[in-house]
Engineer: 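Structure incoming, see below.
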Amino acid sequence: MGVFKLGGLTLKSLFSKRPTRRYPYEVRETFDNARGQIDMIDIHNCIFCGMCQRKCPADSIVVDKAESRWTYWPYKCVACGACVAVCPTKDLEMLKDRPPITTDNKTTRVHELTEEEKAEKARIAAEKKAAALAAAEAKKKAAAEKKAAEEAAGGDAAGE
Amino acid sequence: MSKRTVVPFGPQHPVLPEPVHLDLVLEDETVVNAIPRIGYVHRGLEKLVEKRDYTQFVYVTERICGICSFGHSLGYSECVEKLMGIEITDRAAYLRVIFHELSRMHSHLLWLGLLADGFGFEALFMHAWRLRETVLDIFEEVTGGRVIFSACDVGGFRQEVSNETLAGIVAKLERLRDEYRTIAKTLLEDSSVKSRMVGVGHISTDKALELSMVGPFARASNVATDERLNGIGAYGDLAAFEPVLSDGGDCYARCDVRVREVLQSIDIISELVDKIPDGEVMVPVKGNPEDGAQAMTTLEQPRGQAFYYSKGNGTKNLARMRVRTPTSQNIAGMVAALSNVELADVPMVILTIDPCISCTER
């Protein structure tokens, strides 16, 4: 009879700690390594390169460089951690808790620069562009001047 | 000759964890023919290779099946590494095999619970799944996932696992071994269990070879087929490897083989943890598979030999990815084992074959 063969284990289970728990009331603490969902640490460190979006197998991340916006769908995410591993600025982190239960599985989490920051960023970008343009212009001018000088020197030489 | 009747079995049935349909042709109470029909969980994962690049696809292959998930990601990664000529580090190869053997243990313990539940032995079912929980906790603690743990990747193993953690895993498994022996003894020596399984669904060695059966199903018919013998990955570094065989050929022999394979897996893990070399676990993967390059590899999954094929087309997407899984090989054997059994024994025969329909249909 199986009952007697399992007797030792049965007696042991009677007097040992219960292996199960009353789940929704008692929730076990998650392991440190557990993968629940991802989040962005600081949007200001993000360079909007879009690597996380390209590596995501579940299309759960969209990076909009023009709008400086990072959008994440926690209920599409399969918590594989490919984005965390690939992020060049180490700006993504894996959280150990899963997203809460909801009926709205279209929930998104958006990290975005504020309007002022965007304006500031645009201003800096414009300044950089202007500076680059000015530098290019100056270089061109210098090259033209040099050429003219050379030509003039050549002309002088020919004149003599 | 008595009148023939057809009893539909499945796709929804208490003994079936996954949907498969069988038309059982009966003469009185005896099955004379079984006509299987699959197609209830087809998801078209092989086609998805056109939409996901080769590094993303490892997460798709993991989702072929929930029980052999690590095995599929391992097989796929090995295949793509062969395709692109990537040499992984020894430590990564060892870690892969350790985790593959752990997932074999979790698969066999799950099966043992299902079988016990199938013949109404509730206490054994609970104990088997309690032990399986130990293995799942090891997975979650180390890799962060319980069933699908995204640990294997093209180029190595994603988690850096310290030697102390590995020693801790072995200590846990040694504790599990004693309890497991009690459970296994109950299963194999109990008279009520024997009365349900001895002599039921017999397949001879010749028949097993003729039907190209694989895995524990074939090994229970004394066919020494085991991909681990080929020594791919860290299996080649084992001091000795003998496949677990039994010459019974019936349901009882299949149980016996799987029960002993769990103990064998513990031995393999202990040996590899002792031998594991230090070093990196990932090598950088650059470039795309070449146009027209092909690679294939085999792997011993918990249910038997799985075959992986991939073909590159010069882009980041593979041209073709193909998996042949053990259950698709074993369905012919299952039909053969079902002929001439009593209708009441059909659940036992199907459970001891341990069919994995999600793998079969992908």
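All of these numbers come straight from a predicted model, not from anything done at the bench. Chain letters run A, B, ... following the sequence lines, proteins first and then strands; every chain starts at 1.
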Engineer: Tell me, side chain or backbone of B:L187 under 4.5 Å from chain A's heavy atoms, or both, or neither?
Structural biologist: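 Contact with chain A involves no heavy atom of B:L187 at all.
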Engineer: Based on non-hydrogen pairs under 4.5 Å, which of A:C56, A:P19, A:A58 is most in contact with chain B?
Structural biologist: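 Option with the top pair count is A:C56.
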Engineer: Chain A heavy atoms under 4.5 Å from B:E133: which part of the residue, side chain, backbone, both or neither?
Structural biologist: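 Neither part.
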Engineer: Non-hydrogen atoms of chain A under 4.5 Å away: do they reach the side chain of B:V58, the backbone, both or neither?
Structural biologist: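 No part of B:V58 comes within 4.5 Å of chain A.
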Engineer: With chain A, which of B:K185, B:M126, B:R158 has the greatest number of heavy-atom pairs at distances under 4.5 Å?
Structural biologist: B:R158
Engineer: Is there a donor-acceptor pair closer than 3.5 Å between any side-chain N or O of A:N33 and the backbone N or O of B:T143?
Structural biologist: no
Engineer: Should the heavy atoms of other residues, nucleotides or ligands under 6.0 Å from CZ of A:R123 be counted, would the total exceed 12?
Structural biologist: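 Yes, the 6.0 Å shell around CZ holds more than 12 heavy atoms from other groups.
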Engineer: Does atom CD of A:E127 have more than 12 heavy-atom neighbours, drawn from other residues, nucleotides or ligands, at distances under 6.0 Å?
Structural biologist: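 Count over threshold, so yes.
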Engineer: Evaluate the side-chain proximity of B:D137 to A:R28: yes if any heavy-atom separation is below 4.5 Å, no if none is.
Structural biologist: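 Yes; the side chains approach each other to less than 4.5 Å.
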Engineer: How about NZ on B:K172, more than 12 heavy atoms from neighbouring residues, nucleotides or ligands closer than 6.0 Å, or not?
Structural biologist: yes
Engineer: Might you confirm whether atom CZ of A:R98 has over 12 heavy atoms from other residues, nucleotides or ligands at distances under 6.0 Å?
Structural biologist: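 At most 12 heavy atoms, drawn from other residues, nucleotides or ligands, come within 6.0 Å of this atom.
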Engineer: Please test B:E179 against A:K12 for side-chain contact (heavy atoms from CB on, under 4.5 Å), starting from the C-alpha separation and ending with a verdict.
Structural biologist: CA-CA 11 Å; B:E179 284 195 74; A:K12 209 173 139 194; 4.0 Å; yes
Engineer: Does A:R35 pair with B:E140 as a salt bridge, N-O distance under 4.0 Å?
Structural biologist: no
Engineer: Can you check whether anything in residues 45-54 of chain B gets within less than 4.5 Å of chain A, heavy-atom wise, and list it by number?
Structural biologist: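 Checking residues 45-54 of chain B against chain A gives B:R52, B:D53.
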Engineer: Do any of residues 79-93 of chain A come closer than 4.5 Å to chain B, heavy atom to heavy atom, and if so which ones, in number order?
Structural biologist: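 Heavy-atom contacts from residues 79-93 of chain A to chain B are A:C80, A:G81, A:A82.
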Engineer: Stepwise, does the side-chain contact (heavy atoms from CB on, under 4.5 Å) test hold for B:R63 with A:V78?
Structural biologist: CA-CA 11 Å; B:R63 283 159 177 81; A:V78 295; 3.3 Å; yes
Engineer: Which answer fits A:S13, side chain, backbone, both or neither, if we ask what part of it has an atom under 4.5 Å from a heavy atom of chain B?
Structural biologist: side chain
